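Atoms considered below: every heavy atom in the structure, side chains included; atoms not considered: hydrogens, waters and symmetry mates. We count ligands from 1, going down the list as the structure has it; atoms in each ligand are counted the same way. Just so it is clear, the model here is predicted, and its values are computed rather than measured.
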Amino acid sequence: MQIWDISVPISPGMPVWPGDPHVELERMVAIARGDSCNLSRLACSAHTGTHVDAPLHFIDDGAPVEQLPLDVLIGPALVVELADAEAITPAHLDALVLPEQTTRLLFKTRNSALWQQPAHAFASDFVALTSDAAAWMVQRGIQLVGIDYLSVQLFQDTDSLTHRLLLEAGVVIVEGLNLYDIEPGSYQLICLPLMLMGSDGAPARAVLMRE
Ligand SMILES: [Zn+2]
């Protein structure tokens with residue numbers, strides 16, 4: 001069994017969405033200062049690094065993150081590579097000719113190369129899904145979509161339609177994946193968001209496995 005970690009490292013200096021708080025991770029109690037143990041304090045957005053969006057993120061009475069179904073967060077996933085895409089459109093999705101049983105789809109794009117420098121400045125020209133592509137995914141019965149940068153929707157798409165179409169249909173959105181080392185193909189996905197009660201999202205550890 002091979003296991004690939006597709007999470008991004010969480011540390012101060014990592015890119016965050018413009019306006020979101022920067023990550024603070026600091027040693028509050030330290031053996032080096034005479035304390036009996038080391039103890040760190042973490043402060044960050046619930047949408048830090050590799051994370052999951054709950055329906056509540058864009059729907060005010062939507063489900064919070066603890067209600068996301070584990071049987072969607074864990075299971076077979078297909079990694080597809082769209083190396084030349086700037087925005088993922090229905091034409092890209094049609095051309096993929098997805099196997100019938102596909103319900104979890106992870107997009108590897110040029111975004112993944114950005115994570116080669118974990119502390120890079122936020123890149124607003126990342127690749128993401130158009131709202132037409134989101135509608136396509138819903139129509140096709142996709143239950144989980146993963147993208148390799150901090151949003152599933154293009155930076156300039158301020159109508160939030162991509163997010164809303166997916167979340168209203170109950171599609172689980174995983175953002176901030178690093179698929180740089182991942183060959184396109186079939187894997188088992190395990191993505192476990194922290195159980196932050198009542199939250200609109202949560203950081204997650206995500207791995208792919210293959211026999
Ligand atoms: Zn998010």
Side-chain angles (χ1 to χ4, degrees), residues 6-25 42-70 72-74 77 87-88 104-109 111-112 114-115 118 120-131 133-135 137-138 142-179 189-207:
I6 54 171
S7 326
V8 302
I10 294 176
S11 70
M14 73 185 298
V16 297
W17 195 259
D20 283 6
H22 282 274
V23 173
E24 296 172 36
L25 181 58
L42 171 66
C44 63
S45 152
H47 297 252
T48 294
T50 306
H51 71 278
V52 167
D53 284 356
L56 180 60
H57 191 32
F58 280 91
I59 304 162
D60 211 27
D61 59 354
V65 74
E66 75 271 19
Q67 289 178 19
L68 292 178
L70 285 175
V72 174
L73 290 159
I74 299 172
I88 300 169
R104 299 174 193 81
L105 198 51
L106 308 183
F107 290 100
K108 177 180 182 179
T109 73
N111 297 338
S112 278
L114 292 166
W115 298 113
H120 66 271
F122 176 81
S124 62
D125 64 342
F126 60 86
V127 182
L129 274 71
T130 64
S131 57
M137 307 275 282
V138 170
I142 299 296
Q143 294 181 301
L144 179 145
V145 56
I147 189 74
D148 52 358
Y149 209 58
L150 295 174
S151 178
V152 73
Q153 126 193 332
L154 294 161
F155 188 69
Q156 62 272 22
D157 282 356
T158 47
D159 61 7
S160 304
L161 201 52
T162 295
H163 266 102
R164 283 192 285 114
L165 286 170
L166 293 170
L167 294 174
E168 278 166 7
V171 178
V172 173
I173 299 173
V174 187
E175 297 171 330
L177 295 169
N178 181 358
L179 299 171
L189 169 71
I190 299 178
C191 174
L192 295 176
L194 293 178
M195 206 163 184
L196 304 180
M197 298 305 284
S199 182
D200 40 81
R205 192 70 179 258
V207 300

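Only protein N, O or S atoms were scored, and 4 of them lie under 2.8 Å from the Zn ion (ligand 1).
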Discussion item. Would Y149 and H120 count as a ring-ring contact (aromatic ring centres under 6.0 Å, His included) here? Give the steps.
Written reply: CA-CA 12 Å; Y149 209 58; H120 66 271; 5.7 Å; yes
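Put simply, the side chain of L150 does not reach to within 4.5 Å of the side chain of E175, judged on heavy atoms.
The only member of I6, L73, V207 that meets side chain to side chain contact (heavy atoms under 4.5 Å, CB included) when paired with L189 is I6.
Residues in residues 142-157 take part in no salt bridge (Lys or Arg N to Asp or Glu O under 4.0 Å) pair, two or more places apart or across chains. For residues 196-206, the set of pairs meeting the salt bridge (Lys or Arg N to Asp or Glu O under 4.0 Å) definition, not counting sequence neighbours, comprises D5-R205.
Listed by chain and residue number, H163 satisfy the side chain to side chain donor-acceptor pair (under 3.5 Å) test with Q153 (two or more places apart in sequence, or in another chain).
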